[in-house]
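Report on the structure given below.
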Protein chains: 2
Amino acid sequence: MPLRLSRSEAKARTRKRLLSAAAEVFAEQGFAGASVDEIAFRAGHTVGALYSHFAGKNELFLTLFDERVSHPLDHVGEIASQWEGDETTFAAFGAYLAGVADHHTVRSTLEMEFLRYALTRPELLDRLAARWWAPRAAVARLVAPHCGGHDPALVATAIIGLFEGLVMQRRVDRAAVPPQLFTESLRWLMAGLARTPVRPADPLPEPR
Amino acid sequence: MPLRLSRSEAKARTRKRLLSAAAEVFAEQGFAGASVDEIAFRAGHTVGALYSHFAGKNELFLTLFDERVSHPLDHVGEIASQWEGDETTFAAFGAYLAGVADHHTVRSTLEMEFLRYALTRPELLDRLAARWWAPRAAVARLVAPHCGGHDPALVATAIIGLFEGLVMQRRVDRAAVPPQLFTESLRWLMAGLARTPVRPADPLPEPR
DNA sequence: GTCTATAGGACGATAGAC
DNA sequence: GTCTATCGTCCTATAGAC
């Protein structure tokens with residue numbers, strides 16, 4: 001590893017710093033509230049550098065949307081490879097997600113801002129929806145053997161919903177959501193699958 | 001009911017319109033992105049009217065925070081009064097929350113924006129946390145008889161988390177979260193409570 | 001109480017030096 | 001590729017007419 005960075009390495013480093021700073025500021029201030037000046041400043045640069053890497057504030061935001069915000073549950077694959085439906089895996093899964101709630105705060109706040117931003121932009125909402133397929137499928141594969149006949153995709157959606165909702169509540173009030181609840185509630189849900197009769201899929205048409 | 005409004009009635013109506021318009025614009029554009037001009041315009045007034053009712057944009061936002069955004073789960077009391085742990089109640093609860101996901105969109109988006117806004121303002125975060133006590137307690141009372149020894153407060157937190165997470169996913173992708181899933185996943189969770197051994201409360205100290 | 005007009009400031013984006 | 005300086009725009013908030 002050379003002491004001095006090559007031109008392209010320096011450029012890549014600048015870009016990376018800008019993206020990290022942008023993630024922070026967008027999360028804290030929202031899209032409209034974030035100023036390109038502050039983003040550049042936090043990255044240790046000025047607007048000039050920012051505009052040489054990105055066409056503008058919008059493109060910077062969308063680049064972040066595409067490149068940087070992998071969903072927390074993307075990493076579920078790491079845990080899936082060891083899954084046995086046993087206590088160890090439950091605990092690992094729960095601990096991992098409690099950690100997400102406490103430490104990946106910029107990422108999850110930024111995800112919220114993407115959602116709000118996308119809600120008024122249909123084409124972005126589609127891309128956001130597509131983003132959830134992979135983690136949902138990963139969780140579905142993980143739990144399929146323990147679904148007791150219920151649709152693994154729906155079980156996965158419920159599990160992801162459960163964790164997203166717990167993460168959200170824990171960010172508001174840590175005391176209300178002890179870390180063990182991530183594990184416990186997953187256990188409750190999985191135990192209930194076996195005890196619940198399987199119903200016909202989608203007996204009602206999608207309303208409206 | 002008189003045909004012409006009294007002065008104070010007209011004033012109250014203006015205030016209400018301004019608050020409704022503000023809720024929409026804040027939800028769509030975020031706090032910083034919302035302009036007082038657009039809020040006033042959507043309310044059918046001008047900035048002058050707005051500033052005669054509110055000290056400024058910040059106060060308008062905080063007033064909304066205090067007065068208008070009752071959490072969806074506040075209404076859980078209506079259902080709680082009829083709860084028997086039976087299929088009818090499950091279905092009503094699920095249907096109600098699927099409706100929230102589909103129709104109360106401004107409210108839930110605004111809640112998201114409040115959360116992001118509050119995350120960098122500790123005193124607001126405390127008030128937001130306090131906001132969740134009542135619905136959590138209402139759900140806890142609702143499910144207490146069916147908790148099988150588990151802490152009803154924690155069960156309530158899990159249930160609320162589950163629905164918040166499902167609502168969020170449904171707003172991104174309706175097809176992924178059929179309305180019945182609200183009912184089904186609640187059934188799974190409740191059924192699992194009875195089958196899961198009760199663990200000692202909080203065996204681990206709160207980390208960090 | 002509500003409107004119109006405007007002051008004062010912040011921001012996104014660009015131009016030109018290095 | 002990055003910086004400094006600046007232009008034009010949009011926004012919050014206020015002042016004064018009605």
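We name chains A, B, ... by the order of the sequence lines, and we start the count at 1 in each one.
Interface residues of residues 12-20 of chain A facing DNA chain D, ordered by number: Thr14(A); criterion, heavy-atom separation under 4.0 Å.
Counting only residues at least two apart or on different chains, the salt bridge (Lys or Arg N to Asp or Glu O under 4.0 Å) pairs with a member in residues 16-26 of chain A are Glu24(A)-Arg42(A).
Protein atom CZ of Phe41(B) is 15 Å distant from nucleotide atom C1' of dC3(C), rounded to whole Å. Computed from coordinates, the Gln29(B) CD to dT12(D) P distance equals 11 Å when rounded to whole Å. In this structure, Glu59(B) places its CD atom 13 Å from C1' of dA13(D), rounding to the nearest Å. Distance, Leu50(B) CG to dT12(D) P: 10 Å, rounded to whole Å. When the C1' atom of dT2(C) is taken as reference, atom NE2 of His45(B) falls 9 Å away, rounded to whole Å.
Every residue was checked against the salt bridge (charged side-chain N to carboxylate O under 4.0 Å, His left out) condition with Arg171(A), not counting sequence neighbours, and none meets it. Checked against side chain to side chain contact (heavy atoms under 4.5 Å, CB included), Ala158(A) has the following partners two or more places apart in sequence or in another chain: Leu189(A), Leu162(B), Ser185(B), Trp188(B).
Put simply, the side chain of His53(A) does not reach to within 4.5 Å of the side chain of Leu60(A), judged on heavy atoms. Between Glu113(A) and Phe61(A) the shortest side-chain heavy-atom distance falls below 4.5 Å. Counting heavy atoms from C-beta outward, Leu193(B) and His146(B) have side chains that stay 4.5 Å or more apart. Taking 4.5 Å as the limit, every side-chain heavy atom of Glu184(B) sits out of range of all side-chain heavy atoms of Asp151(A).
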Between protein and nucleotides 11-13 of chain C, what N or O pairs are separated by less than 3.5 Å?
unit_1	atom_1	unit_2	atom_2	d
dG12(C)	OP1	Ala34(A)	O	3.0
dG12(C)	OP1	Lys57(A)	NZ	2.9
dG12(C)	OP2	Val36(A)	N	2.9
dA13(C)	OP2	Tyr51(A)	OH	2.5
dA13(C)	OP2	Lys57(A)	N	3.0
dA13(C)	O5'	Tyr51(A)	OH	3.2

Kindly give the atom pairs (protein nitrogen or oxygen, nucleotide nitrogen or oxygen) under 3.5 Å for nucleotides 16-18 of chain C.
none

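Cation-pi geometry between Arg116(B) and Phe114(B) is not met at under 6.0 angstrom from the ring centre and within 45 degrees of the axis. In this structure, Arg170(B) is not positioned above the aromatic face of Phe182(B) in the sense of NZ or CZ being under 6.0 Å from the six-membered ring centre and within 45° of the axis.
In this structure, His53(A) reaches the dT2(D) phosphate: one of its side-chain N or O atoms is under 4.0 Å from OP1 or OP2. OP1 or OP2 of dC3(D) has at least one side-chain nitrogen or oxygen of Thr46(A) nearer than 4.0 Å.
A pairwise comparison of heavy atoms in Leu128(B) and Ala118(B) identifies CD2-CB, 4.2 Å as the closest pair.
The main-chain N or O of Thr120(A) is never found under 3.5 Å from a side-chain atom of Glu28(B) such that the two would form a donor-acceptor pair.
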